[in-house]
Structures are given as structure tokens and as C-alpha cells.
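See below for the structure under consideration.
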Amino acid sequence: MRIGERYIRNRSFSQLGRLQSAHRVRYSLVFSPECTATYEVAVVSAREATRESRTVTGLCRQKARWILEYLYENAVPAEHWRDVLDDLLVQI
């Protein structure tokens, strides 16, 4: 796969007592000239680092970017992003 375009959005979350530890979530998209979109969500905190990705085919660049912005703007948690992505793909 040739890399056509890469987009990255970072969101930082503060420590909120026992409710939430400080961490950063990176939402990224690699869009190839062949209309293949690879999404990745990575979480980095003082205690752990995780990363998951999923590749989707047949999206135009505009819709692929829209999905990335939706994940970022809505601060979709790493444990739910795949379900949200599936829901968005059905809608578009």
C-alpha cells in the first residue's frame, strides 16, 4: 500500500481523582491513493500504552476524514472506537 495522506489528531485528558487518570489519545488516519483508509487509535498514559488499528476500503477521502474528525471531536474512548466506526460506516 502506498501512503497517500496521513492525518493525526491528539487529545489529552487530565487526572480526575479516581475517575480518570491522565492520558493522551491519538486518532490517526492513513489514506492511500487506492481509497484504503487505515484508522489507528493509540492511548498513552503513565501506566500503559495501547494501539489498535483497522483498515477500511472503498471510502472517498472526504468521508474517511469525516470519520477521523468525528472520533476526535467526540473524544471517542479507545475501548469503543471500533463500535463507533462500524456505526458510522453503516450511516455513510
Inset, instruction - Would you check if Arg54 and Trp81 make a side-chain contact, meaning some heavy-atom pair closer than 4.5 Å? - result: yes
Legend entry - Distance-minimising heavy-atom pair for Tyr27 and Ala75: OH-C, 3.4 Å
Inset, instruction - Could you tell me whether the side chain of Arg51 reaches within less than 4.5 Å of the side chain of Arg26, counting heavy atoms only? - result: yes
Inset, instruction - Measure the NZ-SG distance between Lys63 and Cys35 for me, rounded to the nearest 0.5 Å. - result: 11.5 Å
Inset, instruction - Determine, using the 4.5 Å side-chain heavy-atom cutoff (strictly less than), whether Leu89 and Leu29 are members of one ILVMFWY cluster. - result: yes
Legend entry - Matching residue for Thr50 among Val43, Val25, Val41 - test: side chain to side chain contact (heavy atoms under 4.5 Å, CB included): Val43
Inset, instruction - Assign the ring pair Phe13 / His23 to parallel, tilted or perpendicular, where the plane angle (0 to 90°) is split at 30° and 60°. - result: parallel
Legend entry - Considering all heavy atoms, the nearest Ala22-Ser45 contact: O-CB, 3.5 Å
Legend entry - Same apolar cluster: Leu71 and Val44, side chain cutoff 4.5 Å: no
Inset, instruction - Taking all heavy atoms of Arg47 and all of Ser21, pick out the closest pair and write down the distance. - result: NH2-CB, 3.2 Å
Inset, instruction - Any chance you could lay out the side chain to side chain donor-acceptor pair (under 3.5 Å) test for Glu34 and Ser32, step after step, and finish with the verdict? - result: CA-CA 5 Å; Glu34 295 84 21; Ser32 76; 3.2 Å; yes
Legend entry - ILVMFWY network linking Tyr70 to Leu68, side-chain heavy atoms under 4.5 angstrom: yes
Inset, instruction - Measure across Leu59 and Tyr39 and return the closest heavy-atom pair with its distance rounded to 0.1 Å. - result: CD1-OH, 3.7 Å
Legend entry - Heavy-atom pair with the smallest gap, counting every atom of Trp66 and Ile92: CZ3-CG2, 4.0 Å
Inset, instruction - Quick one: pull up CG in Asn74 and CD in Glu69 and give me the separation to the nearest 0.5 Å. - result: 10.5 Å
Legend entry - Considering all heavy atoms, the nearest Ser53-Arg82 contact: O-NH2, 2.5 Å
Inset, instruction - Report, as yes or no, whether the 6.0 Å neighbourhood of atom CD on Gln62 holds more than 12 heavy atoms from other residues, nucleotides or ligands. - result: no
Legend entry - Atom pair OG1 (Thr55) and CD (Glu40), whose distance is rounded to the nearest 0.5 Å: 10.0 Å
